Number of protein chains: 2
Amino acid sequence: MKISSKSKYGTRAVLEIALNQNSKLLTRKQISRNQEIPSSYLVNILISLKAKGIIRTIRGPHGGYELAREPVDITVFDIVEVLDGPFELSANLNDEKNFSKSSTSVSMGVWTRVEKAQGDVLKGITINDLVQETRNLYSPDFSI
Amino acid sequence: MKISSKSKYGTRAVLEIALNQNSKLLTRKQISRNQEIPSSYLVNILISLKAKGIIRTIRGPHGGYELAREPVDITVFDIVEVLDGPFELSANLNDEKNFSKSSTSVSMGVWTRVEKAQGDVLKGITINDLVQETRNLYSPDFSI
DNA sequence: GAATAGTTTATCAATTTTGTAAACTTACTT
DNA sequence: AAGTAAGTTTACAAAATTGATAAACTATTC
């Protein structure tokens, strides 16, 4: 799997929405401006995130985007899988055809292990974690 | 970082050379045939591997390729770094420009952790490991 | 010096990624 | 009900990357 800028944009967009979840809906324009993501590219990303049930929308005037689940229930893996997925381990199978050859099946095991490690890291980070980290950076705890 | 088929070809090529290291040099044609890698694509891969000191060559008739280091001293990370690198963690810095913004620097931390996890897996697997695994598959130990 | 095998360089086609545009739908407001 | 602000859908296109190929070149052996 690859983590393209689409996933990076997507993660920042969801984080942006999460950071404002108590105030109001965010419009695409606001997300685009605050996170410096091309607005017409952001369209595609938001649509995908909605389709996967990560964000929710309200149309019409005063509409916008909000989270569909609690930040603690959204992992970065969820976002990356939508935007750069599918993250299935079997993806490698199509890649290296002749896996009857033992050297091929052995090397395949390497890529499988790498993907698993990636996935584990991404599954271990929730949007809530990122919100907390961001708040800590913004107003750090200056306890001596 | 992404692991393209270039790295996959490269790993199989080095493994192929390692599996034959006691017998003789392997020509590009042999590697190409045995591992089903397009010969003219393999050229580029072998050149890169040589430049990085992973393999060594002898030119002229009866020439070919051999390992430049012991299989136990070549990790898959070495190979992937040559062919899909650079694997530097700072690569993300160019990616997400405005990292003065705290949400950006927070999300960057995610990708850094993913790359680190990937790298750790790749650094933990040597060509010697792959040779052993391949031999085990080829003539397994049938102890009841 | 002829044959073999690696080297270098340049190019090209296919794919993927990134980004844009325009017509369309929904829903609020007056 | 009309106007407007928002999200939706579809299609397309530019840019970058990847995968692959070819041809001229250099070194080495016999």
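Within every chain, numbering begins at 1; the chains are lettered A, B, ... in the order of the sequence lines, protein sequences first and strands thereafter. Not measured: the values here are computed from a predicted model. All values below come from the heavy atoms of this structure, side chains included, with hydrogens, waters and symmetry mates left out.
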Query raised in the report: Quick one: is Ser4(B) getting a side-chain N or O under 4.0 Å of the dG19(D) phosphate, OP1 or OP2?
Result: yes
Report task. Assess the side chains of Arg28(A) and Ser39(A): does a donor N or O sit below 3.5 Å from an acceptor N or O? Result -> yes
Query raised in the report: Just by distance, with hydrogens left out, do Glu16(A) and Ser103(B) show a side-chain donor and acceptor under 3.5 Å apart?
Result: no
Report task. Calculate the interatomic distance between Tyr41(A) atom OH and dA13(D) atom C1'; express it in whole Å. Result -> 14 Å
Query - Whole angstrom value for the distance that separates P of dT8(D) from CD1 of Ile45(A) - result: 14 Å
Report summary line: Against the side chain of Arg28(B), the closest entry in dG19(C), dT9(D), dG6(C) is dG6(C)
Query raised in the report: Does Lys6(B) place a side-chain N or O at less than 4.0 Å from the phosphate oxygens OP1/OP2 of dG19(D)?
Result: no
Query raised in the report: Does Tyr9(A) have a side-chain nitrogen or oxygen under 4.0 Å from the phosphate oxygens OP1 or OP2 of dG19(C)?
Result: yes
Report summary line: From the candidates dT9(D), dT7(C), dT20(C), the one with an atom nearest any side-chain atom of Pro38(A) is dT20(C)
Query - Spacing of Leu26(B) atom CG relative to dA5(C) atom C1', expressed in whole Å - result: 13 Å
Report task. To the nearest Å, give me how far apart OH (Tyr65(B)) and P (dT4(C)) are. Result -> 17 Å
Query raised in the report: Nearest to the side chain of Ile47(A), which nucleotide is it out of dT20(C), dG6(C), dT8(D)?
Result: dT8(D)
Report summary line: Picking from dG7(D), dG19(D), dG6(C), the nucleotide nearest the side-chain atoms of Thr57(B) would be dG6(C)
Extract from the structure each pairing of a protein N or O with an N or O of nucleotides 15-17 of chain D at less than 3.5 Å, listing the distance.
none

Requested in this report: Pick base, sugar-phosphate or nothing for Lys29(B), based on heavy-atom distances below 4.0 Å to the nucleic acid.
Outcome: nothing
Query raised in the report: Does Ser40(A) make a side-chain N or O approach to OP1 or OP2 of dG19(C) shorter than 4.0 Å?
Result: no
Nucleotides 26-30 of chain C: which of its N/O atoms have a protein N/O under 3.5 Å away?
from    : atom 1 : to       : atom 2 : distance (Å)
dT26(C) : O4'    : Arg59(A) : NE     : 3.3
dT26(C) : O4'    : Arg59(A) : NH2    : 3.2

Report summary line: Heavy atoms of Gly63(A) and Thr27(A) approach each other most closely as O-CG2, 3.9 Å
Query raised in the report: What does the inter-axis angle of the helix from dG1(C)-dC30(D) to dT30(C)-dA1(D) come out as, five pairs per end, nearest 10 degrees?
Result: 10°
Report summary line: Value for CD1 (Ile74(A)) from CG (Leu49(A)), rounded to nearest 0.5 Å, stands at 9.0 Å
Report summary line: Rounded to whole Å, CG of Asn44(B) lies from C1' of dC12(C) at a distance of 13 Å
